Number of protein chains: 2
Amino acid sequence: MSGSGAGGDGAAAPRRRTVLLSGLAGAGAGVAAGVGGALAAERPAPSPDTRLAAGRASARAFRGTHQAGILEAPPAQAAFVAFDLHEQADGDAVRRLLTVWTDDIERLMAGRGTLTDLEPELAAVPASLTVTVGVGPRVVELAGAERPDWLAPLPAFPEIDALEDAWGEGDLLLQICAESPTTVAHAQRRLTTSVADLASVRWVQRGFREPFEGPGIPMRNLLGQVDGTVQPDVTGLDADLLWVGADGPAWLRGGSSVVVRRIGMRLDAWDRADRAARENAIGRRLDTGAPVTGGTLDSAADLEATDELGFHVIDDAAHMRRAHATAPHERFLRRPYSYDDGVEGGGMRTGLVFVAFQADPARQFVPVQRRLAQADLLNLWTVPVGSAVFAVLPGAGSGEVLGQAMFA
Amino acid sequence: MSGSGAGGDGAAAPRRRTVLLSGLAGAGAGVAAGVGGALAAERPAPSPDTRLAAGRASARAFRGTHQAGILEAPPAQAAFVAFDLHEQADGDAVRRLLTVWTDDIERLMAGRGTLTDLEPELAAVPASLTVTVGVGPRVVELAGAERPDWLAPLPAFPEIDALEDAWGEGDLLLQICAESPTTVAHAQRRLTTSVADLASVRWVQRGFREPFEGPGIPMRNLLGQVDGTVQPDVTGLDADLLWVGADGPAWLRGGSSVVVRRIGMRLDAWDRADRAARENAIGRRLDTGAPVTGGTLDSAADLEATDELGFHVIDDAAHMRRAHATAPHERFLRRPYSYDDGVEGGGMRTGLVFVAFQADPARQFVPVQRRLAQADLLNLWTVPVGSAVFAVLPGAGSGEVLGQAMFA
């Protein structure tokens, strides 16, 4: 099974946030609970030395129906790396690249150096490392496989987009996630150098999440907003919202798609909005993430509730109302990371690497994004500066190479 | 005492690496042990929920003889932020800035938002946050205080330097360290915006350390090298190597100095050096960090040992030999962080933010750096691209403002 923990001990799944916090070796066992939200019984805490060993040893399984790095609770550190194939690349080059990466990734996720790795010590701490491979349209074309219609740049959202080429598209994507920044840096470097004769880095987006987030808080972004609150039940009833099924290209069954949008935050302007204005813009309370109509984080929002003047309590342009699915298929699995890059010469480069997985972005993601582009109070403080879509390859079974079905 | 844990519970100090790993609230209690290396008895591991709460609550003390962020075991995440005072700044502007920062830092380290903080939720996870303030010569001059001779740019090291203005000097420095990247980002932003009318960001250097490092390994940098092996006993016999004493300016007693050098790594070239060449260049084994003359990480190197041909076993230009103190005062406390910044347009920007604290950099640091510049095999693969020196203010006692003695 994809994402089951190689370091697991078969005991009951630990709580998701505990896993995130402590980097326990058994983390993978909690995957299903992590997304679905079901929490199993806790087990006694290990001793400090066990924790240390477990944190180092925490390895996730590479082989499976699906790639790792999608269902797991997102670790604290990530790098999203897009590559361009060299100009003269052909189908054989794609096959060689994916063969190299398959071997590299399997080794790195197990805490071993790659084949020619001269610093295997930097690989020895897998720390829940996952590496997830996506491909762009050129790769599919070179492999001679059927391109899904949605594997193309998203439609323009002229109301909001300020896209920069520097953060757009690419032939290949690596999503590298781990609890350790050193592990991410080393994996990124090895996976880049091992295919240097075939592809070059197009962009890198580093991201982070809060490792000490409180129970039930999925993620707090740098606006202070609780983010990624409502997720589909992708390990249960909504699995077909995540994985490409029988109606997709045969080579992509068990795969998915990923949308990576770099969303800058205008924090100087945000600083001039008080708490009431912020909560009105989001439609949720800043402290608990609960809808402004009351309840807790998980409560349904009362979109019809009105105040004494007859206005909606949740603003007609509140982010939450505009993002709310108007049909069951308008949902997708979000796995965002914050970014806060250094500056040269003043100012701040801060925002969110928005990451969404879904079977069909045109059908699931685009209608929601279109509503948000047309009206979303948060647009006053956010600017999309990058956008990319990739097909996420199915998992590699025993002896298989990632993406081999593209060549069938 | 500086660095004693506000969140501590009075129990025995946990082991340094356990603290780093788990972010326990009692972390501060282990500070002295962290640098000196003495390890106290372990206590039973807390339950997962206790760990979560403790990770969030972990707060270090702000008030004390020395500033926090020097003696503590370095947390996993850091930002080094240099500021330029605005052109028209005078002594009063400096005083106002330090007054604001004193209040901001005390609040943030305690897990509270700053005075005008609109997202105090992002401050609620102190995660061992420390903020350490340094000042450049212009600040000292504006305050009307005596400038120590060493508070100036380091002498040039023309053999190796490729310094860029973008990473050089500055009027003020904030060293912001925490186990949580969100905590660092929020503190950086609040401390930047709260003095925006007085000073502007000159540069930001983000860094990280391995949160799951093995017992006894101080730090592994992105060359794979065990770094920061031999440290002075700054909480014991070597305290005068760290803190400015009676022979320094009165306003700086209990303070220190910090050298921040940004050292790029030529990893493409490093990839072409095999393990033997690397160990020869460093003078230490890559796996354990022990001297190549044998023993363990903590063993003394046998600088006189020769091989069967009569050559030194530790190369005459090995980094370790050249860095070795030739006099007792040629030592300083190192607290380096790795960096691996994203790229726009290919290539990699990877290296080390070298950070050294000492009472007198001209006397302690410069002779070592001069030897390394003249001959150090590692210079083949490393390039200093930034250099800065700051005076580290003494700690603020109860009711005091950081740096107030400058105005005495």
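Fair warning: this is a prediction, and the values are worked out from it, not measured in the lab. Below, chains carry the letters A, B, ... as their sequence lines are ordered, and counting in each starts from 1.
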Asks: Could you check whether any side-chain N or O of B/Arg209 sits under 3.5 Å from a backbone N or O of B/Pro218, counting only pairs where one atom can act as donor and the other as acceptor?
Replies: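 Indeed, once roles are kept as given, a pair shorter than 3.5 Å links the two residues.
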
Asks: For residues B/Asp340 and B/Thr350, is any side-chain donor paired with an opposing acceptor at under 3.5 Å?
Replies: yes

Asks: Who among A/Leu286, A/Asp287, A/Asp271 has the most heavy-atom pairs with chain B under 4.5 Å?
Replies: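 The option with the most such pairs is A/Asp271.
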
Asks: Closer than 4.0 angstrom, basic N to acidic O: yes or no for B/Arg349 and A/Asp341?
Replies: no

Asks: Examine whether an atom of B/Ala273 lies under 4.5 Å from a heavy atom of chain A, and if so say whether it belongs to the side chain, the backbone or both; otherwise answer neither.
Replies: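 Backbone only.
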
Asks: Could you check which of B/Ser338, B/Pro181, B/Gly224, B/Ala196 has the highest count of heavy-atom pairs closer than 4.5 Å to chain A?
Replies: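 Highest number of pairs under 4.5 Å: B/Pro181.
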
Asks: Does any backbone or side-chain atom of A/Ser180 lie under 4.5 Å from a heavy atom of chain B? Answer side chain, backbone, both or neither.
Replies: both

Asks: Only one of B/Arg275, B/Arg278, B/Arg285 passes salt bridge (Lys or Arg N to Asp or Glu O under 4.0 Å) with A/Glu121; say which it is.
Replies: B/Arg275

Asks: Measuring heavy-atom distances to chain A, does B/Gln225 have an atom under 4.5 Å in its side chain, in its backbone, in both, or in neither?
Replies: neither

Asks: Pick one of side chain, backbone, both or neither for B/Arg190, based on which atoms fall under 4.5 Å of a heavy atom in chain A.
Replies: side chain

Asks: Would you call A/Asp117-A/Arg112 a salt bridge at under 4.0 Å N-O?
Replies: no

Asks: Is it the backbone or the side chain of B/Thr116 that comes under 4.5 Å from a heavy atom of chain A, or both, or neither?
Replies: neither

Asks: Please enumerate all residues that pass side-chain contact (heavy atoms from CB on, under 4.5 Å) together with A/Asp197, with sequence neighbours excluded.
Replies: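 Only A/Arg96 meet the side-chain contact (heavy atoms from CB on, under 4.5 Å) criterion with A/Asp197.
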
Asks: Check B/Ala185 against A/Phe208 and note the closest heavy-atom contact, atom names and distance.
Replies: CB-CZ, 4.0 Å

Asks: Side chain, backbone, both or neither: which part of A/Asp84 has an atom under 4.5 Å from a heavy atom of chain B?
Replies: neither

Asks: Among the options B/Asp268, B/Thr183, B/Asp274, pick out the one with the most heavy-atom pairs lying under 4.5 Å from chain A.
Replies: B/Asp268

